[in-house]
Amino acid sequence: MALLTAITVVATGMVMLARWQLNEGFLSYIRDVEQQQLESLATRLEQRFEEHGSWNFLQRNPRMWRRLVRESIHSAIRPSVSHDNPGRTPPPGEFRLHRRLSLLDHQRHWIAGSRRTQGQASVREIVVGADTVGWLQLAQLNRLRDRPELSFLGQQRGLLVWILVLTVATAALTAFLLSRYFISPIRALKDATDKLASGDLEKRIATNRTDEFGELARDFNRLAESLERNQQMRRQWIMDIAHELRTPLTVLKAEIEAVQDGVRTLTSQTSASLNNEVTRLIGLVEDLSLLSNADQGNLDFEFHETSLAELVSDVVNHHQNRASTAGLTLALKADQPCRAVVDSSRIKQVVTNLIDNAIKYTSRSGTIQVRVQSDSKVCFIIVEDSFPGVSTEDRERLFDRLFRVDNSRNRSTGGAGIGLSISKSIIEAHGGSITAAPSGLGGLMIRVTLPLQPGKQI
């Protein structure tokens with residue numbers, strides 16, 4: 001409707017302007033023709049006056065006057081305005097100059113023609129020799145009255161009306177086709193959005209268009225896929241959390257019921273088992289709380305300049321006994337102190353998570369290698385282990401919450417699958433990055449990159 005209205009208004013304005021221009025232009029054309037006819041008549045009158053020596057031959061002889069006017073009219077006809085083309089321009093002889101034409105003598109006394117000349121008029125001096133012998137006066141034509149002229153203008157106006165009708169009809173058809181072209185994908189998007197809002201996350205839109213609507217459809221599909229994926233992750237997240245909470249709670253319930261039923265006595269060993277399960281629950285709840293705070297940007301950091309080599313060395317030394325018990329070799333290579341402004345406790349938590357994972361998931365008699373490296377802008381903490389490795393598809397999801405690889409790196413080793421997610425949040429809060437890649441030792445390599453100054457993105 002907007003397109004149709006705009007085109008109709010513009011077309012109507014153009015037709016109105018064309019009609020006005022046609023009227024004014026045609027009237028101006030007639031005035032020019034009459035001016036030529038006036039010149040032709042003046043020339044003839046000068047010749048006749050010179051032959052007769054006075055205006056006596058015209059006085060009391062209206063027929064002579066009309067004949068001279070008629071001859072002048074036809075002699076002034078232009079080549080393009082002839083009787084051979086009557087449908088376009090009416091013959092100038094039909095303008096009937098004698099209704100507005102007057103001949104006056106040198107004292108401006110009436111001799112022939114109209115006795116009244118109202119309004120503005122064109123005056124032509126009649127000169128014979130060096131003397132002014134008379135004046136031709138033609139009243140200005142302000143509007144058309146004769147039938148041929150009016151008929152001609154009527155034809156042109158009718159043509160303009162048909163042009164307006166055809167223009168509006170074409171605009172209406174174009175607007176209708178364009179509206180269908182535009183409304184169809186908009187309706188499809190609206191229907192898909194309604195279904196998406198009602199919970200149908202499997203709805204997709206055809207993306208066979210190459211215009212902006214096609215781009216919008218592809219963006220919608222990506223949004224729907226993201227929402228569907230997030231919903232699946234949320235469901236899996238809830239299931240995993242429920243499982244992680246259920247295991248220690250089940251053990252606690254069984255232990256307590258056994259004590260209550262007298263099956264087991266409350267010994268120090270029983271108390272230690274209950275305490276371990278409670279500690280596990282507290283650790284899981286703290287990890288979930290930490291991850292929630294990281295999502296909201298509420299983690300507290302205290303930045304100080306720290307030697308990452310010393311920090312990592314402390315963590316490695318702390319895990320040496322555990323690695324030896326698991327039959328693993330834990331080695332550290334730190335040639336440079338690599339001083340950076342970090343939160344020491346948070347970075348220590350990250351390194352602890354990485355080494356814990358490596359100890360849990362590396363096969364017996366394997367090797368875990370920790371390296372600290374640096375350049376002029378960043379520090380690297382690299383933890384890699386030996387067999388088993390991780391597939392490319394699983395590596396891309398290692399930092400997802402509660403994700404664990406479903407082979408040798410599984411729940412039997414313990415843990416809730418939150419450590420790497422928390423580590424990623426901590427490293428990103430430092431302006432750094434953490435990535436996973438295959439290790440040259442046959443297992444997995446985790447690379448932590450930290451800027452020397454906090455908040456400087458790398």
Side-chain angles (χ1 to χ4, degrees), residues 240 244 280 283 287 307-338 340 342 346-375 378-428 430 432-450:
D240 290 343
E244 295 297 335
R280 183 179 176 186
D287 286 345
S307 171
L308 293 181
E310 294 179 4
L311 183 150
V312 173
S313 178
D314 291 341
V315 178
V316 170
N317 292 333
H318 179 74
H319 285 79
Q320 284 292 352
N321 290 335
R322 185 180 168 198
S324 298
T325 303
L328 303 174
T329 300
L330 177 58
L332 171 64
K333 183 179 180 181
D335 299 334
Q336 300 175 351
C338 191
V342 297
R346 297 295 188 188
I347 298 301
K348 184 175 291 188
Q349 181 181 2
V350 171
V351 178
T352 299
N353 284 336
L354 298 183
I355 295 179
D356 279 342
N357 286 340
I359 292 175
K360 290 176 184 178
Y361 300 130
T362 304
S363 298
R364 194 171 182 83
S365 301
T367 301
I368 301 172
Q369 188 176 90
V370 183
R371 287 178 289 156
V372 179
Q373 301 173 345
S374 66
D375 60 20
V378 296
C379 290
F380 302 100
I381 301 174
I382 302 170
V383 179
E384 53 183 330
D385 56 41
S386 56
F387 184 84
V390 180
S391 66
T392 302
E393 181 180 355
D394 289 335
R395 281 200 307 272
E396 294 176 353
R397 298 188 58 196
L398 277 179
F399 299 99
D400 291 348
R401 299 164 188 179
L402 298 174
F403 174 77
R404 279 162 297 193
V405 181
D406 292 330
N407 47 37
S408 59
R409 298 174 181 261
N410 55 34
R411 283 191 180 90
S412 63
T413 59
I418 301 178
L420 288 178
S421 297
I422 295 174
S423 298
K424 182 179 180 181
S425 298
I426 292 174
I427 296 303
E428 289 179 348
H430 281 73
S433 64
I434 182 170
T435 58
S439 170
L441 301 177
L444 179 69
M445 180 180 71
I446 303 294
R447 178 193 295 269
V448 175
T449 306
L450 289 168

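Numbering starts at 1 and runs along the sequence shown.
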Value rounded to 0.5 Å, distance of CG in Asp314 from OG1 in Thr352:
10.0 Å
Minimal non-hydrogen separation, Ser363 against Leu328, with atom names
O-CD2, 3.1 Å
Would you name the heavy atoms of Phe399 and Ser421 that are closest together and state the gap between them?
O-OG, 2.9 Å
Step by step, would you call Asn357 with Ile446 a side-chain contact (heavy atoms from CB on, under 4.5 Å)?
CA-CA 11 Å; Asn357 286 340; Ile446 303 294; over 6 Å; no
Shortest non-hydrogen contact between Pro388 and Thr362, atoms and distance:
CD-CA, 4.3 Å
Donor-acceptor pair, distance only, cut-off 3.5 Å: does the side chain of Thr367 make one with the backbone of Thr329?
no
Using 0.5 Å steps for rounding, measure from the OG1 atom of Thr449 to the CD atom of Gln373.
10.0 Å
Nearest heavy atoms of Val372 and Cys338, plus distance in Å
CG1-CB, 4.0 Å
Evaluation steps, side-chain contact (heavy atoms from CB on, under 4.5 Å), between Gln320 and Val316:
CA-CA 6 Å; Gln320 284 292 352; Val316 170; 3.5 Å; yes
Assess the residue pair Leu441 and Asp385 against the criterion (side-chain contact (heavy atoms from CB on, under 4.5 Å)); give the C-alpha distance rounded to whole Å, side-chain angles, the decisive distance to 0.1 Å, and a yes or no.
CA-CA 6 Å; Leu441 301 177; Asp385 56 41; 5.8 Å; no
Just by distance, do the side chain of Ser391 and the backbone of Asp394 share a donor-acceptor pair under 3.5 Å?
yes
Hey, are the side chains of Ile347 and Ile381 touching, using non-hydrogen atoms and a 4.5 Å cut-off?
yes
Please enumerate all residues that pass side-chain hydrogen bond (donor to acceptor under 3.5 Å, both in side chains) together with Arg371, with sequence neighbours excluded.
Glu384
How long is the span from the OG atom in Ser439 to the CZ atom in Phe387, to the nearest 0.5 Å?
13.0 Å
Heavy-atom closest contact (Leu444 atom, Arg395 atom, distance)
CD1-CD, 3.9 Å
For Asp356, enumerate each residue passing the side-chain hydrogen bond (donor to acceptor under 3.5 Å, both in side chains) test, keeping only those at least two apart in sequence or located in another chain.
His319, Arg322
Report the distance from atom NZ of Lys348 to atom CD1 of Ile426, rounding to the nearest 0.5 Å.
13.0 Å
Measuring from Glu396:CD to Thr435:OG1, what's the distance to the nearest 0.5 Å?
12.5 Å
List the steps, then state whether side-chain contact (heavy atoms from CB on, under 4.5 Å) holds for Asn353 with Leu420.
CA-CA 7 Å; Asn353 284 336; Leu420 288 178; 5.7 Å; no
Keeping the roles fixed (side chain from Ser313, backbone from Ala309), state whether a donor-acceptor pair exists under 3.5 Å.
no
Over all atoms of both residues, closest heavy-atom pair of Ala358 and Val383:
CB-CG1, 4.4 Å
